[in-house]
Amino acid sequence: MTVGLVDQRTSPKVGDLSIRIAWVLVGVGAIILALAQPGSIGTLFLYAVLAQSWNLIGGLAGYASFGQVVFFGIGGYAAALAMDRLGMSFWVAFPFGGLVAGSFGLIFGDLVLRVRGLYFAVATIALAQAAKTVITSWPGLAGQSGVLTIATVGLHTPTPRPSAFGFDTLFVAVALVATLVVAWIGRTRLGDALSVIRDDEDLAGTLGIAVRPAKVVAFTLSATVAGLAGGIYAFQVVSLSPSALFAPLLSVVMVAAVIAGGTGVLRPLRGAVLLWLMATGLGHLLPPLAEVFAGGFVAIVIMVERRRRAS
Amino acid sequence: MGPAIFNGLLGGGSLGLAAVGVTMLWWISGQFNLAQAATVLVGAYCGWLSAGALTPVGALFVAAAGGGLAGWVISAIITPKGVAQRVTVGLLLGFGTGLAIVAALQVALSNDYRSIALAATGTSTVAGTGISMGDLAGMLVALGACVTVAWCRDRTAIGRVLRAAAEDPMTAQLAGVPVGRMITGVGAASGAMAGLAGWSMGVAGAFSTADASRLVLLISAVAVVGGIGRIARTLIAGVVLGAVGSVISELAQPRLVDVPALVGLLIALAATPKIREANTSRLRGRVWP
């Protein structure tokens with residue numbers, strides 16, 4: 001229970017009718033919004049993928065990462081560069097983005113998972129900032145200030161761009177895969193190991209669990225999932241910039257969805273629905289306030305939960 | 001390169017000052033404030049808004065007051081009363097609160113770069129080296145604030161009470177020390193230091209809400225490199241990393257100004273065994289009376 005508030009056992013209890021009613025209202029609101037704005041469904045499933053990505057390391061292993069968005073960005077840039085420089089097809093490039101992000105996750109995970117708690121959090125923040133600095137400062141990697149545009153018309157177009165429905169379907173597929181990965185881990189010894197690590201890492205070591213390898217595997221899977229989403233997103237937006245692919249709002253979405261929904265297999269998805277409802281609904285009414293809502297939402301949810309547990 | 005080193009040394013002082021605020025709150029509450037960068041920006045904007053009506057020195061007090069108010073609110077949010085709280089929960093709270101504050105500042109005041117004009121601007125020559133007056137003012141404020149805080153903590157009656165609350169909050173509470181109020185008081189002081197750091201950044205150069213994410217990293221890196229909880233070492237870490245960053249940006253390219261902080265953080269995390277071990281004692285959080 002390292003993160004405490006995101007443990008599924010601390011999520012709404014069976015008898016807590018008001019919270020259940022609130023979730024039903026969220027579901028009804030989401031259906032209405034989906035019918036009113038079908039074009040925004042892709043965003044919902046992007047949030048679902050990001051939530052499951054953070055769930056793998058933050059929820060299952062109890063390691064609060066604030067830089068997981070870096071793998072979304074790495075996956076996006078890797079896929080875009082593969083298409084732009086190597087002429088790779090999109091259908092190969094986006095899994096390639098996930099693979100590259102996963103490889104970075106393996107390397108970085110082995111480094112940053114040597115420390116815990118505060119130091120792990122600071123290390124992941126540094127990771128995100130370092131990746132952003134590299135992309136903006138390396139002129140040969142991407143264009144000026146890290147801006148890269150994928151060709152979508154002309155003879156050199158590697159793949160015809162899918163329709164909006166096509167992108168939505170891809171995000172749905174990746175969200176499904178990510179959810180199945182979480183469900184599968186929960187049934188394996190890795191899931192048991194992560195559960196013990198989350199509750200008491202020192203005890204896990206004493207019990208003979210290979211603590212670091214288990215954490216690194218969770219971190220790598222989390223990075224791969226985020227990288228897959230980044231690869232699809234890159235071709236969807238076409239023009240990439242570090243501020244879009246490493247946006248702090250995406251980090252907040254990852255964290256907030258799991259905190260609001262809870263961990264486990266399906267709970268992060270309902271958190272993603274709530275975040276999508278807020279970001280699309282409130283953000284549509286007051287677009288500049290989307291980040292204020294998202295940031296404040298994280299703090300309020302945790303404080304309410306803290307008060308509930310204290311009473 | 002001389003002016004770059006000197007101005008980097010001076011400019012790093014404001015970074016060190018903000019990190020000292022973080023380290024103070026960690027020292028007494030065991031919670032790490034990721035919203036300190038947002039508090040720095042609150043102070044900077046308070047200074048910028050009031051500089052027109054007041055003198056720049058008057059704006060310094062407004063920046064400190066604005067930062068102090070923000071710090072008080074943030075410390076009340078991230079440090080719970082009566083329940084054990086893990087460090088990660090405080091980090092999540094600080095992260096969310098900081099993002100909300102920065103986003104609100106951006107909505108209200110845009111992300112254009114601003115600066116606070118001093119009456120005495122430009123550069124002055126000391127021993128053949130041109131020194132920015134803004135950097136010099138910032139460094140003097142940082143040094144003065146840190147000396148005052150260290151003196152209060154180590155030499156005064158209130159400092160003794162604070163040390164007792166930091167060492168063993170339960171016993172201190174039983175002895176009649178209002179630990180909760182002490183923590184929010186230190187939170188306000190920490191915020192005031194961040195506000196002063198914001199003012200210093202405003203007079204030394206320009207600031208914007210776009211800087212928030214790199215400020216979070218820089219402040220956290222300086223606090224970790226300085227050995228969390230140590231005032232003098234944190235200030236020195238800020239000054240040194242500021243100077244090295246300034247030299248690198250002069251010799252290579254300005255975008256690499258943050259590289260020393262990243263490298264310093266990496267070295268501190270990898271090479272200091274104390275950092276790895278320090279987690280275990282505080283990871284489980286404390287129970288406040």
Side-chain angles (χ1 to χ4, degrees), chain A residues 1-6 58 62-64 66 111-112 114-123 125-130 132-133 136-137 145 200-202 243 246-249 251-252 255-256 259 286 288-303 305-307 309-311, chain B residues 26 31-32 34-35 38 77-78 80-104 106-107 210 212-214 216-218 220-221 223-224 228 252-253 255-259 261-262 265-266 268-270 275-276 278-280 282-285:
Chain A
M1 266 195 292
T2 304
V3 181
L5 294 166
V6 299
Y63 271 69
F66 294 94
L111 291 172
V112 298
R114 289 164 195 260
V115 289
R116 303 188 218 170
L118 158 67
Y119 301 103
F120 173 76
V122 172
I125 291 169
L127 196 63
Q129 193 65 31
K132 212 167 159 181
T133 305
T136 49
S137 312
S145 302
D200 192 332
E201 191 165 332
D202 295 328
S243 58
F246 297 97
L249 181 63
S251 283
V252 173
V255 178
I259 288 173
L286 299 160
L289 293 179
E291 286 194 23
V292 184
F293 288 135
F297 179 70
V298 174
I300 289 166
V301 167
I302 296 174
M303 288 172 74
E305 183 66 20
R306 187 171 70 187
R307 189 174 285 264
R309 295 176 84 201
S311 62
Chain B
W26 169 269
Q31 297 297 327
F32 194 88
L34 277 183
I77 289 172
I78 69 171
K81 275 186 181 176
V83 288
Q85 177 177 282
R86 293 208 170 202
V87 173
T88 41
V89 176
L91 288 168
L92 288 167
L93 280 166
F95 184 69
T97 310
L99 189 91
I101 292 172
V102 171
Q106 192 167 324
V107 170
S213 59
R214 52 177 291 269
V216 172
L217 166 69
L218 292 175
S220 307
V224 171
I228 300 175
Q253 56 168 304
R255 282 178 189 150
L256 300 179
V257 69
D258 301 338
V259 169
L262 290 168
L265 178 68
L266 196 66
L269 291 176
I275 283 181
R276 290 188 212 165
N279 301 311
T280 47
R282 288 201 167 193
L283 247 185
R284 289 161 212 289

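Bear in mind the structure is a predicted one, so any value in this text is a computation, not a measurement. Protein chains get the first letters and strands the later ones, always in sequence-line order, with residue 1 at the start of each. Side-chain atoms are counted along with the backbone in the values below, which use heavy atoms only and exclude waters and symmetry mates.
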Side-chain contact test, heavy atoms from C-beta onward, threshold under 4.5 Å: evaluate it for A:Phe66 versus B:Val216 and give yes or no. no
Might you point out which heavy atoms bring B:Leu262 and A:Ala126 nearest each other, and give the distance in Å? CD2-O, 3.5 Å
Identify which part of B:Leu265 has an atom lying under 4.5 Å from any heavy atom of chain A, answering side chain, backbone, both or neither. side chain
For A:Val112, give me all partners under side chain to side chain contact (heavy atoms under 4.5 Å, CB included), at least two apart in sequence or on another chain. A:Phe120, A:Ala123, A:Phe219
Test of understanding: with side chain to side chain contact (heavy atoms under 4.5 Å, CB included), list the residues that count as partners of A:Ala128, not counting sequence neighbours. A:Val70
When rounded to the nearest 0.5 angstrom, what distance separates CD1 in A:Ile125 from CG in B:Leu91? 7.5 Å
Toward chain A, the part of B:Leu34 with a non-hydrogen atom under 4.5 Å: side chain
